[in-house]
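Predicted model only: the values in this text are computed from it and were never measured. By convention here, the first residue in the shown sequence is residue 1.
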Amino acid sequence: MPRWYAPRLTPLSRLVLCLCVLVLAMSAAGAQEPPRVVVSIKPIHDLVMGVTRGISEPVLLVPGGASPHDYALRPSGMRSLQEAQVVIWVGPELENFLVRPLSGLPPDAHRIALLHDADLVTYPVRSGGIWETHDHGHGHDHGHGHDHAAAHGDDRGAPDAHAWLSPENARRIVRHVAGMLAERDPGNAGAYRDNMDQLLGRLGHLEQDLAQRLAPVQGRPFIVFHDAYQYFERHFGLTPAGSITVDPSRAPGARRVQEIRQRLAEADVLCVFSEPQFRPAIVATVTEGTPARAGILDPLGADLPSGLEGYEQLLRNMADSLIDCLIDEG
């Protein structure tokens with residue numbers, strides 16, 4: 001039978017082979033996987049997906065149709081958290097269900113509470129549910145303070161957690177996330193920054209378009225289901241008159257309903273908006289026998305596609321809902 005022999009290598013061949021093995025080993029060691037990113041709610045997930053486009057896909061914890069105010073974390077979500085290297089959430093003011101799970105993560109898991117870490121424009125939670133129109137200044141929220149509570153007469157209030165509904169805050173979230181990921185994943189730093197630049201350009205166009213479209217409804221009063229839209233209202237100079245409920249996890253009582261009905265008449269409210277995440281029957285009760293129309297506002301984009309397109313459509317849908325209800329074509 002024939003016998004097989006390994007080819008005899010010359011000293012030069014051995015040297016080349018060793019160098020090739022060394023280069024491959026160094027390349028494998030330097031090829032770092034992108035960090036595993038978990039994001040709490042859909043609008044933030046959409047923005048983060050824009051930053052990580054072509055690099056990785058972050059995990060979403062709270063499904064689009066669920067409310068983070070009363071969400072119960074699923075086992076699959078807990079597993080995603082335990083495997084995460086980066087967790088991005090709004091903060092305990094919104095996703096209180098995450099406080100305990102996040103405290104149990106390894107020390108090297110990077111946590112970003114956007115309300116506190118991303119230098120967002122913030123406003124305090126509005127007290128009660130009846131608001132005077134002079135409390136809601138017009139104009140864009142392009143200030144640079146971390147917390148604008150003092151500027152609005154209440155430096156003791158907790159920050160309103162619905163900060164993603166401001167295009168300015170969307171830009172700040174994109175910048176913060178892109179910078180953080182570029183630092184933690186230097187091999188993809190250029191891609192994160194390129195994605196960031198594209199996102200910022202698209203958000204600028206979105207803001208200009210919405211400002212033009214919403215100008216005709218400035219000064220037209222409306223009431224929302226719960227106080228989730230302050231950042232959108234302030235950014236585009238809208239005129240909210242109140243909210244049906246202060247706590248969306250609790251149904252308003254009879255006295256509260258009567259106060260809102262009185263507010264409808266006093267402020268000449270044109271529309272009352274419900275939300276897809278909560279039962280809309282209370283809106284019918286509030287508006288019964290009044291000229292106020294009913295509409296729907298969705299602060300989370302329950303059924304929208306993922307990615308920046310979903311975030312853009314979220315804000316466009318809100319603008320459409322306001323315009324359709326506040327401008328009576330009849």
Quick one: does [X]'s side chain get under 4.5 Å of [Y]'s, heavy atoms only?
| X | Y | result |
| --- | --- | --- |
| Glu312 | His205 | no |
| Val217 | Cys325 | no |
| Leu102 | Trp89 | yes |
| Ser67 | His226 | no |
| Phe232 | Leu297 | no |

Just by distance, do the side chain of [X] and the backbone of [Y] share a donor-acceptor pair under 3.5 Å?
| X | Y | answer |
| --- | --- | --- |
| Tyr311 | Trp164 | yes |
| Tyr192 | Asp185 | no |
| Ser166 | Ala163 | no |
| His45 | Pro58 | yes |
| Thr287 | Val283 | yes |
| Thr239 | Gly219 | yes |
| Asp160 | Val125 | no |

Requested in this report: Check the pair Asn195, Thr52 against side-chain contact (heavy atoms from CB on, under 4.5 Å), reporting the backbone distance first and the verdict last.
Outcome: CA-CA 7 Å; Asn195 287 342; Thr52 64; 5.9 Å; no

Straight-line distance of [X] [atom1] to [Y] [atom2], nearest 0.5 Å:
| X | Y | atom1 | atom2 | answer |
| --- | --- | --- | --- | --- |
| Asn169 | Leu115 | CG | CG | 8.5 Å |
| Leu165 | Phe236 | CG | CZ | 10.0 Å |
| Leu181 | Asn188 | CG | CG | 9.5 Å |
| Leu203 | Met196 | CG | CE | 11.5 Å |
| Ile323 | Leu210 | CD1 | CG | 8.0 Å |
| Glu183 | Met180 | CD | CE | 9.0 Å |

Intermediate values then yes/no, salt bridge (charged side-chain N to carboxylate O under 4.0 Å, His left out), Glu259 and Arg263: CA-CA 6 Å; Glu259 289 175 347; Arg263 181 62 171 159; over 6 Å; no

Hey, is [atom1] on [X] packed in by over 12 heavy atoms from elsewhere, all under 6.0 Å?
| X | atom1 | answer |
| --- | --- | --- |
| Asp303 | CG | no |
| Glu309 | CD | yes |
| Arg111 | CZ | yes |

Exercise for the section: Inspect the contact between Arg316 and Asp320 and indicate whether a charged nitrogen and a carboxylate oxygen are less than 4.0 angstrom apart. Expected result: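 Looking at Arg316 together with Asp320, the answer is no, because their closest N to O distance does not fall below 4.0 Å.
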
Does Glu168 pair with Arg172 as a salt bridge, N-O distance under 4.0 Å?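 Salt bridge flag = yes for Arg172 with Glu168.
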
Quick check: closest heavy atoms across [X] and [Y], and the distance to 0.1 Å?
| X | Y | result |
| --- | --- | --- |
| Val86 | Pro35 | CG2-CB, 4.2 Å |
| Pro276 | Asp298 | CG-CG, 3.6 Å |
| Pro124 | Gln230 | O-NE2, 3.4 Å |
| Ala241 | Pro221 | CB-CB, 4.4 Å |
| Val90 | Glu95 | N-OE2, 2.9 Å |
| Pro101 | Leu73 | CG-CD2, 4.0 Å |

Do the side chains of [X] and [Y] join up, straight or via other hydrophobic residues, at under 4.5 Å, putting them in one cluster?
| X | Y | value |
| --- | --- | --- |
| Met49 | Val38 | no |
| Ile327 | Ile296 | no |
| Val39 | Leu81 | yes |
| Leu60 | Ile55 | no |
| Leu206 | Leu120 | yes |

Donor-acceptor pair between Arg184 and Gln85 side chains, under 3.5 angstrom =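 No, because no side-chain N or O of Arg184 sits under 3.5 Å from a partner of the opposite role on Gln85.
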
Ring centre gap for His116 and His176 strictly below 6.0 Å
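Between His176 and His116, which both carry aromatic rings, the centre distance is not below 6.0 Å.
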
Q) Using the ring of each side chain (for Trp, its six-membered ring), is Phe222 parallel, tilted or perpendicular to Phe273, with breaks at 30° and 60°? A) perpendicular

Which class fits the ring pair Phe97 and Tyr71: parallel under 30°, tilted 30 to 60°, perpendicular over 60°?
-> perpendicular

Requested in this report: Start with the C-alpha gap between Ser306 and Asp46, add the side-chain angles, then the distance that decides, and say whether side-chain contact (heavy atoms from CB on, under 4.5 Å) holds.
Outcome: CA-CA 6 Å; Ser306 297; Asp46 289 342; 4.2 Å; yes

- Check the pair Tyr231 / Thr122 against side-chain contact (heavy atoms from CB on, under 4.5 Å), numbers first and verdict last. CA-CA 8 Å; Tyr231 293 92; Thr122 60; 3.8 Å; yes

The side-chain contact (heavy atoms from CB on, under 4.5 Å) partner of Lys42 among Leu61, Leu304, Leu47, Leu314 is Leu304

Next on the checklist: Between Leu94 and His69, does the side-chain contact (heavy atoms from CB on, under 4.5 Å) criterion hold? Intermediate values first, please.
Outcome noted: CA-CA 6 Å; Leu94 183 75; His69 293 284; 3.7 Å; yes

